Amino acid sequence: MSSVRRRMMANLANSVCLKHSVSLWFPHQSPAAHRSSSIGFRTFRRSYVVSSSSFSNENREFVIVGGGNAAGYAARTFVEHGMADGRLAIVSKEAHAPYERPALTKGYLFPLDKKPARLPGFHTCVGSGGERQTPDWYKENGIEMFYEDPVSNIDIEKQTLTTNSGKLLKYGSLIVATGCTASRLPEKIGGNLPGVHYIRDIADADALISSLEKAKKVVVVGGGYIGMEVAAAAIGWNLDTTIVFPENYLLPRLFTPSLARRYEEFYQQNGVKFLKGASIKNLEAGVDGRVTYVKLDDGSTLEADTVIIGIGAKPAVSPFERVGLESSVGGIQVDGLFRTRVPGIFAVGDVAAFPLKMYDRIARVEHVDHARRSAQHCVKALLSAQTGTYDYLPSFYSRVFEYEGSPRKIWWQFFGDNVGETIEVGNFDPKIATFWIDSGKLKGVLLESGSPEEFQLLPKLARSQPIVDKAKLQNASSVEEALEIAGSSKAAV
């Protein structure tokens with residue numbers, strides 16, 4: 001887009017906003033409707049609108065706090081509505097423009113001879129087939145970026161943010177997209193020793209790669225997504241790799257014991273060792289101060305020169321606690337348009353506790369698909385007449401062993417809700433599917449190594465929740481037949 005055209009669009013949008021100052025903030029409903037929402041908002045009143053000419057001082061019309069996926073997709077949506085140029089600022093603790101964070105535990109960790117992912121290759125929004133938003137993209141679209149300068153304080157009454165460097169930013173509308181921080185082992189048991197790694201950003205991944213280049217024995221703590229993906233990458237480096245976790249099988253939040261066993265067997269065939277039902281007592285350092293041993297609660301020890309901790313994440317709510325937290329799932333409480341209890345403040349992505357409409361419960365989803373969709377939905381609601389509440393279908397995926405030389409690349413996707421009894425079809429090689437059935441309805445489905453057409457069927461099944469003949473499904477001779485049975489079943493009324 002030319003600079004002349006951008007200025008014309010900005011001026012046009014600005015004139016619209018100045019004419020309809022209240023509609024800039026909540027164009028989709030009146031203050032009375034806002035007050036009566038389920039979360040109990042206060043009546044919203046705004047006495048001014050910050051114009052783009054105010055960018056010479058501390059005023060910003062729109063501010064996004066956070067530099068991950070959600071921030072990148074929100075920025076794109078502002079641009080699509082002609083409301084970014086001279087109006088939008090992004091405040092990030094990252095040194096880089098927003099990028100597709102899942103790459104950090106997948107392609108980024110591949111050995112150098114196996115074509116690892118590197119920036120600018122995975123800046124948002126290439127993960128969903130969009131334009132690559134490099135730092136130049138933000139400049140060209142008039143978006144002000146504050147790198148490596150996280151927000152340290154918010155004054156809700158004055159509508160100001162203070163950053164670590166002391167910058168003071170006054171916002172009109174604020175979108176909190178701070179994501180999560182990695183859960184850490186306590187320092188007193190060795191959680192911060194050199195050679196102990198956590199992964200949330202590129203700096204973390206770079207430090208881990210530096211360790212892997214010299215490593216011989218790797219211990220991965222945690223049997224979830226991070227643990228499985230990092231262990232697969234470590235095998236690509238031909239390292240002695242052990243996964244330690246307290247549960248009885250991998251990824252118990254999603255996998256069934258039977259499905260987990262299939263993955264565990266595959267990992268073992270690739271050289272990964274497992275210690276299940278094991279908890280960490282402490283990490284011990286050698287004479288050089290680096291981690292040397294992992295000591296377990298039963299008194300046994302594992303040699304390790306590199307330890308990767310993947311034991312979950314916590315929503316990064318600081319310093320936004322006063323905006324309103326949700327007690328059951330954590331994070332910042334929002335409604336179906338991602339509005340918090342404080343007028344003019346929104347929260348999206350991992351940090352947002354939102355109404356999961358399909359299943360009538362409050363949820364907080366740590367997944368890239370939700371980060372993308374929630375950001376887009378929030379900005380559209382803020383800038384347009386969109387009033388539809390967010391109707392998200394939970395989905396999860398993983399890709400492992402995708403590097404060159406791997407005997408088999410693994411890619412699975414899940415859609416829906418993993419409740420009820422399960423039916424497993426297929427032998428994992430070449431593919432397998434698991435169906436979750438509750439009260440006769442198909443509630444969720446996971447597919448490994450499916451075709452593009454089969455993967456496209458999964459969300460349709462999970463959303464329509466067809467009434468499935470369990471006996472037919474159990475007797476299906478192949479994954480293809482099982483999907484055909486599910487796809488031809490009558491949708492629940």
Side-chain angles (χ1 to χ4, degrees), residues 93-96 101-114 116-118 148 180-247 250 267 270-314 400-401 403:
K93 67 178 182 180
E94 294 266 4
H96 307 274
R101 202 173 296 278
L104 296 180
T105 54
K106 300 177 179 67
Y108 200 85
L109 295 184
F110 293 173
L112 296 179
D113 63 340
K114 293 180 168 59
R118 289 291 180 268
E148 296 184 280
C180 285
T181 59
S183 297
R184 304 177 72 92
L185 293 181
E187 183 176 3
K188 64 182 180 181
I189 68 168
N192 292 342
L193 287 174
V196 177
H197 297 271
Y198 306 83
I199 302 183
R200 287 304 298 180
D201 56 33
I202 284 182
D204 294 336
D206 284 339
L208 176 55
I209 290 169
S210 181
S211 282
L212 292 175
E213 289 173 340
K214 303 182 286 284
K216 293 181 180 178
K217 291 182 179 292
V218 173
V219 171
V220 179
V221 180
Y225 294 100
I226 299 295
M228 292 179 68
E229 292 171 0
V230 170
I235 290 299
W237 290 80
N238 296 315
L239 301 176
D240 183 318
T241 304
T242 303
I243 305 180
V244 179
F245 52 94
E247 297 85 7
L250 283 174
Y267 271 70
N270 280 271
V272 177
K273 297 185 284 291
F274 290 99
L275 274 178
K276 306 177 194 177
S279 297
I280 306 298
K281 183 176 183 181
N282 63 281
L283 307 178
E284 299 181 357
V287 293
D288 60 354
R290 287 183 60 85
V291 67
T292 305
Y293 291 102
V294 176
K295 191 170 185 178
L296 306 178
D297 274 347
D298 64 5
S300 61
T301 58
L302 293 170
E303 284 187 63
D305 47 42
T306 299
V307 177
I308 303 102
I309 311 296
I311 55 174
K314 298 176 182 178
V400 291
F401 296 103
Y403 43 78

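Worth saying up front: this structure is predicted, and the values here are computed from it rather than measured.
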Query raised in the report: Where do Ala233 and Tyr403 come nearest, in terms of heavy atoms and distance?
Result: CA-CE2, 4.3 Å
Report task. Give the C-alpha distance, both sets of side-chain angles, the deciding distance and a yes or no for side chain to side chain contact (heavy atoms under 4.5 Å, CB included) between Val294 and Thr242. Result -> CA-CA 11 Å; Val294 176; Thr242 303; over 6 Å; no
Requested in this report: Decide if the gap between the ring center of Tyr267 and the ring center of Phe401 is smaller than 6.0 angstrom.
Outcome: yes
Query - Flag side-chain contact, heavy atom, 4.5 Å: Leu283 against Ile189 - result: no
Report task. Look at atom NZ of Lys281 and say whether more than 12 heavy atoms of other residues, nucleotides or ligands are closer to it than 6.0 Å. Result -> no
Requested in this report: Would you give the length of the straight line joining atom CD1 of Ile308 to atom CD1 of Ile226, rounded to the nearest 0.5 angstrom?
Outcome: 11.0 Å
Query raised in the report: Which is it for Arg290 and Glu284 under the salt bridge (Lys or Arg N to Asp or Glu O under 4.0 Å) test, yes or no, and what are the steps along the way?
Result: CA-CA 8 Å; Arg290 287 183 60 85; Glu284 299 181 357; over 6 Å; no
**Report entry** Within-4.5 Å side-chain heavy-atom neighbours: Asp297 and Ile280
**Finding:** no
Query - Shortest non-hydrogen contact between Leu275 and Leu302, atoms and distance - result: CD1-CD1, 3.5 Å
Query - Residues Ile311, Val221; criterion side chain to side chain contact (heavy atoms under 4.5 Å, CB included); working and verdict - result: CA-CA 7 Å; Ile311 55 174; Val221 180; 3.9 Å; yes
Report summary line: Scanning both residues in full, the closest heavy-atom pair of Ala232 with Val400 reads CB-CB, 3.8 Å
Query raised in the report: Can you find a pair of side-chain heavy atoms, one from Thr301 and one from Leu296, that are under 4.5 Å apart?
Result: no
Requested in this report: Give, for atom OH of Tyr198 and atom CG of Asp204, the distance between the pair rounded to the nearest 0.5 Å.
Outcome: 10.5 Å
Query raised in the report: Between Asp305 and Ala215, is there a donor-acceptor pair closer than 3.5 Å when you use the side chain of the first and the backbone of the second?
Result: no
Requested in this report: Would you check, one step at a time, whether the test side chain to side chain contact (heavy atoms under 4.5 Å, CB included) holds for Trp237 with Ile209?
Outcome: CA-CA 10 Å; Trp237 290 80; Ile209 290 169; 4.2 Å; yes
Query - Leu109 CG to Lys114 NZ distance, which is reported to the nearest 0.5 Å - result: 13.5 Å
Query raised in the report: Which pair of non-hydrogen atoms, one from Leu104 and one from Ala205, has the smallest distance, and what is that distance?
Result: CD2-CB, 4.2 Å
Query raised in the report: Is the shortest side-chain N to carboxylate O distance from Arg101 to Glu94 below 4.0 Å?
Result: yes
**Report entry** Lys314, NZ: over 12 other non-hydrogen atoms inside 6.0 angstrom
**Finding:** no
**Report entry** Closest non-hydrogen atom pair between Thr241 and Ala234, with its separation
**Finding:** OG1-CB, 3.5 Å
Report task. Please lay out, stage by stage, how His96 and Ile202 fare under the test side chain to side chain contact (heavy atoms under 4.5 Å, CB included). Result -> CA-CA 9 Å; His96 307 274; Ile202 284 182; 4.0 Å; yes
Report task. Taking only Lys NZ, Arg NE, NH1 and NH2, and the carboxylate oxygens of Asp or Glu, determine whether Glu303 and Lys217 approach each other closer than 4.0 Å. Result -> no
Query raised in the report: Can you tell me if Asp206 and Tyr108 form a side-chain donor-acceptor pair at under 3.5 Å?
Result: yes
Requested in this report: Check whether any side-chain heavy atom of Glu187 sits under 4.5 Å from a side-chain heavy atom of Leu193, and report yes or no.
Outcome: no
Query raised in the report: Salt bridge check: are Lys273 and Asp240 linked by an N-O gap of less than 4.0 Å?
Result: yes
**Report entry** For the student: nearest non-hydrogen atoms of Ile243 and Ala231, plus distance
**Finding:** CD1-CB, 3.5 Å
Report task. Please indicate whether Lys93 has more than 12 foreign heavy atoms, meaning atoms of other residues, nucleotides or ligands, lying under 6.0 Å from its NZ. Result -> no
Query raised in the report: Among side-chain atoms of Thr306 and His197, is any donor-acceptor pair under 3.5 angstrom?
Result: no
